[in-house]
Amino acid sequence: MRRKLNIFSNIDKTVLFLYLIMVTIGWVNIFSAEYTEYQRFTLDFNSSYGKQLFWIATAFILGAVILATDVRFFTGFAWIIYAVSLLLLIGVLFFGVEINATKAWFRFGGFAFQPSEITKYTTALALAAFIANRRTKKTGGTDQIRAFLILLLPASLVLLQKDVGTTLVFTSFILVLFREGMIGGMVLFFGALAILLFVLTLIFNEFVIIGVLAVTGLVAGIVMRKRQGFIPQLTGLFMLLSLYVYSVDFAFNNILEPHHKARIEVLVYGEADLQGAGYNLHQSKIAIGSGGGFGKGFLQGTQTRFNFVPEQTTDFIFCTIGEEWGFAGSLVIIGLFVFLLLRLLYLAERQRSVFSRVMGYSLISILLFHFTINIGMTIGLVPVIGIPLPLISYGGSSLWGISLFLFTFLKLDAERLEMI
Amino acid sequence: MFPNSNVTLYQTTGKGFLSRGLLILMHLNNNTDQFSGRRKVISGIILGVGLMLLVRLFVLQIADPSYKAFARSNYLRHLTDYPSRGLIYDRNGDLMVFNEAHYDLMVIPGQVREIDTLEFCELLGIDRAAFESRLAQARNYSRFRASVFERQISKTTFAAFQEKLFRFPGFYVQPRTLRRYTYPVATHTFGYVGEAGPNIINNDPYYRPGDYIGISGIERAYEKELRGNKGLRIRMVDVLNRDIGPFQEGRFDTIAVTGKDLYTTLDAQLQIYGEKLMHNKRGSIVAIEPSTGEILSLISSPSFDPGLLVGRQRTRNYRALQNDSLRPLFNRALMAQYPPGSVFKLISTLISLQEGVIGPGTTYGCQGIYHAGGVSIRCRSHPGPVNVVSGIQYSCNTFSSIIFQNTINQSKYSSIQESFGKWREYVQSFGLGRHFGSDLSYELPGLIATPDYYDRIYGPRGWRSQTIISLGIGQGELGVTPLQLANMTAAIANRGYYFTPHIVKAVGSPENKNDQFGLANNIPIDQRHFDVIIRAMDLVVKEGTASFSAIPGIEMAGKTGTVQNPHGENHSVYVAFAPVDDPKIAISVIVENAGYGSVWAAPIASLMIEKYLNREVERSWFEQRVLEADFLTAQ
């Protein structure tokens, strides 16, 4: 097989193009969110849009360096990179600064760096190396436990920083494990069921839910009574679910922290407390809802410009898009993400190397999780979990993390034909 | 850079990380990738998530319009600029009513965030419960419209708030104005300003809760002129309640227009002097310029400081005034209705003269008592016999009764209903028994019984002139307000006409004359009859019942009255005008429960006239006597 000399010609142009367009859209909206009428446009490097320009430029350089790097570096040093990132996570607990009650940042002058954003990438490297190297191809067993440990280690360290949002991002690797056959479809099903039951239990009395489960089980038992061993399985499942439902209330009231509880309550019980916990969500929905079909126009968003929306350049950047560009803008953003994800899926599936495929799926999983949760929280579909919208939100660590990931995968993809 | 390698290079084995990295990459897919079907599940999840978000966004952005309204109310603040109310001057350009700035603390409940309630309450001097209840009340009115949180905060509180306002989103300070008075007089005439009540707000879209409106007096009658026009500014504010600028470059803003100044007909010095004279007395003084109908002074006593009905203490003060047994809130000058007593003889004599029942030479004897049917009317001793002039001069009841009886009994009228109806028309032509339709608030019409009234009581054939004989001497079914008495006097001074009495000369500027009262109301009585009556009134002062009150150097024509009061001491009444040849002032004085008209009412009128015409009062002992008189604490 002949290899093209120029690495750039082998790169997937679609993904590269989507990457550039999304970063640009992000910057424009960060600018708009910060814009005030009385402030003439000057390239102010103390402002978010000014800093983001720096982050974008460095992300490009980073991308170029990665494209120029020998692919063997990522595989060969995967574990070392993983270890170093874990050390950074430990280091930040001692030497980091606290921003927004989260001790997740190193500060260098005017710039702050969040190692946990990079850890998603390094964890993916380690997981990919592990899965590519594993001996057996069966589900279950020690491999599964090891894979979970690879994920659990950074997730726990991030949780120690009190950054629940980023911790939850690690659950998205379940999709990777699912694709690689390390967990079955039932895990996804029961995961979804657990979330559903959790929400339902908060809305209805837990005994009502248990009753409904019992009736469903009874009907299922009667219909499938011919199948061998089904009845004991069903009984066991019913008891397990009942126990879960029964414990949800307890867990909700005793384990979750008050502000987390409030965020879920706001979602489940509606916008009762508009001045308190519901304020952010309410303002966010006002911003997006008031955008209408085609939005108020660039720099015309009153909700975001007058700071009614919190964290408007970072976690709530979608408010600016929704308000100023309306449903049309929302459609473009969601279309871009879905297109990017499906394109990455296509690229991942065409990899010949397991390592590359796992890297591809890891990238997809993380992007999908961020995309779903971030937009979902601004429109009241999921509780407010402070994670950025990839490539769009302001933030150097996030952009670097995603760029590292994306260009690594593009590099692997460009070199895929080298791996016989 | 990536080495210019080929496949064989990759197959090179060795130690080191790069070689191990190669090994990892060598784990290739093979055809046994049994889980490749799961990619469909994952792409399904991706599409599902995208669809779910889009549906939700469609509902939020297109299907549900409520968020657009929320957004507006969030950042738009409708600010009202309250114009200062028009000033009120007296007839000489003396400023009597003006404004003083104060500040209301406003709240927009929808914008209130978690604030330091403790600090807020300390600044305002209220407790937490009051804070909560006021906020709840404001929220009850509207989440997005401003309500008054605390009215008329002091300057120091205002200063403290202004500094810390950014810490209390949803609150702001609204400048307003309050009435101030140069002299504590003419309270009833000026009236007062209060907050527009729910009735007004529901019926007039101009008024919003917290707006001020004239409740009584001039403030009420000239509300539209005085209030000016509120300005509306739509400002944009950010989440910290900071002003960002005008909404759409102020396209929807309106500018506040200051209220128009009023130039009243009042003479401030005369008003002050009159109120001083009426101190410790119950009653009223009304002085009118006959040639114009302009009210020079309008006094109702007891009165109170107009400043009491301004500001935060208004409600409390009002309640106290309401409970005062002397009824200081009652505007006697316009609303108290008395039988006029002997001063009414002026009118009844004029009617008899016009009807031709008597002539200037007609004479009747007086025995000190007059018997009409079952009624006996007594008369004070005076030289007799009496004619028209001396009848007035000595206020002879016999003379008045006879001529009244003769007027009603005239054979040219077919019935008493007709003749009394005619008589009543004459009386009404003097402005008695009906509304003037002037620019005064709450003026009462007084009372003159109608023929129907007597028909109802006595039956159509059951009453005769003797039945109603007391009307001839100004008693009986007659009710006249002090304003009507003064106007009647002005009409006599004018010898047959009057201008509707009014209180405002000019609106906006002294040149912009109030001409709605410029048309004379004519009385269907010939001028020559007035000349006779005026001669008699002149004699009343020169050598009649009011000679005690004659003013050196000023020709005054007057008539005393003593109104019988079944509830206590008689009311002292006096009407007069001066100078006789060129009347500048017509006046009525009523002092309740003070006895004879000549003793108290006439001296007071005499002092008022002297004060008005000479600007100085020289009869100090005479003045002193009136000032010291006290009919309130004595009772």
Side-chain angles (χ1 to χ4, degrees), chain A residues 1 3 7 37 68 70-78 80 129 132-133 175 178-181 185 275-276 279 285-293 302-303 306-308 322 326-327 330-331 334 337-338 341-342 345 349 351-355 357 364 368 371-372 375-376 379 381 418-420, chain B residues 1-7 10-11 16-29 32 34-36 38-39 41-43 45-47 49-50 52-54 56-58 60-62 64-72 74-76 110 112-114 236-240 242 244-245:
Chain A
M1 185 140 308
R3 210 174 57 80
I7 174 72
E37 277 167 340
D70 188 328
V71 284
R72 290 172 297 174
F73 172 82
F74 303 113
T75 46
F77 286 88
I80 291 174
N133 256 350
L175 269 189
F178 169 72
R179 168 62 186 86
E180 292 305 317
Q275 306 310 331
Y279 177 82
K285 280 161 81 177
I286 288 176
I288 295 168
S290 67
T302 49
Q303 281 299 105
F306 300 157
N307 299 322
F308 286 102
F327 185 67
S330 308
L331 203 64
I334 288 169
F337 267 105
V338 169
L341 287 168
L342 291 178
L345 192 82
E349 285 296 335
Q351 299 307 310
R352 304 170 72 190
S353 153
V354 176
F355 179 87
R357 190 175 67 209
I364 291 165
L368 180 63
F371 163 67
T372 313
I375 296 183
I379 56 182
L381 277 180
E418 302 298 330
M419 304 151 198
I420 301 164
Chain B
M1 291 296 100
F2 197 84
N4 185 13
S5 58
N6 51 33
V7 176
Y10 271 1
Q11 287 167 342
F17 288 109
L18 288 185
S19 311
R20 276 183 53 192
L22 183 63
L23 284 174
I24 290 171
L25 285 170
M26 295 306 283
H27 288 100
L28 299 182
N29 294 328
T32 60
Q34 50 184 318
F35 299 110
S36 75
R38 288 187 171 182
R39 69 173 189 273
V41 176
I42 293 169
S43 48
I45 291 173
I46 292 171
L47 287 169
V49 163
M52 174 187 78
L53 293 178
L54 276 182
R56 175 70 175 163
L57 281 162
F58 180 83
L60 216 59
Q61 297 190 292
I62 295 184
D64 187 348
S66 65
Y67 291 100
K68 290 165 192 68
F70 272 129
R72 278 180 168 270
N74 233 344
Y75 73 95
L76 290 187
V112 176
R113 306 269 296 282
E114 277 171 28
M236 300 188 291
V237 290
D238 72 359
V239 69
L240 293 178
R242 290 175 303 207
I244 301 296

* To do: State, without any angle test, whether A/S330 and B/Q61 hold a side-chain donor-acceptor pair at a distance under 3.5 Å.
  => yes
* To do: Tell me, for A/I288 versus chain B, whether the close heavy atoms (under 4.5 Å) come from the side chain, the backbone, both or neither.
  => both
* Structure fact -> Interatomic distance, CD1@B/I42 vs CD@A/E349, rounded to 0.5 Å, equals 7.5 Å
* Mind checking whether B/I46 and A/I364 have side chains closer than 4.5 Å, heavy atoms only? -> yes
* So which part of A/L175 gets closer than 4.5 Å to some heavy atom of chain B, the side chain, the backbone, both or neither? -> both
* To do: Check for a donor-acceptor pair, side chain of B/R56 on one end and backbone N or O of A/I379 on the other, with a separation under 3.5 Å.
  => yes
* Asked: Relative to B/F35, does A/R179 satisfy both conditions: NZ or CZ under 6.0 angstrom from the six-membered ring centre, and within 45 degrees of the ring's axis?
  -> no
* **Leading residue by heavy atom contact count with chain B [cutoff under 4.5 Å; candidates A/G326, A/G293, A/G185]** => A/G326
* Asked: For A/A129, which residues count as a side-chain contact (heavy atoms from CB on, under 4.5 Å) partner, sequence neighbours excluded?
  -> A/A78, A/W79, A/F355, B/I24
* So, do B/L60 and A/F327 sit near enough that their side-chain heavy atoms are less than 4.5 Å apart? -> no
* With sequence neighbours excluded, tell me which residues meet ring pair (Phe, Tyr, Trp, His ring centres under 6.0 Å) with A/F77. => A/F73, B/F17
* Taking the side chain as C-beta and beyond, is there a heavy-atom pair between B/V49 and A/L341 under 4.5 Å? -> no
* To do: Measure B/L53 against the heavy atoms of chain A and call it side chain, backbone, both or neither at under 4.5 Å.
  => both
* Asked: For A/F371, is it the side chain, the backbone, both or neither that has a heavy atom under 4.5 Å from a heavy atom of chain B?
  -> both
* Asked: Measuring heavy-atom distances to chain B, does A/L345 have an atom under 4.5 Å in its side chain, in its backbone, in both, or in neither?
  -> side chain
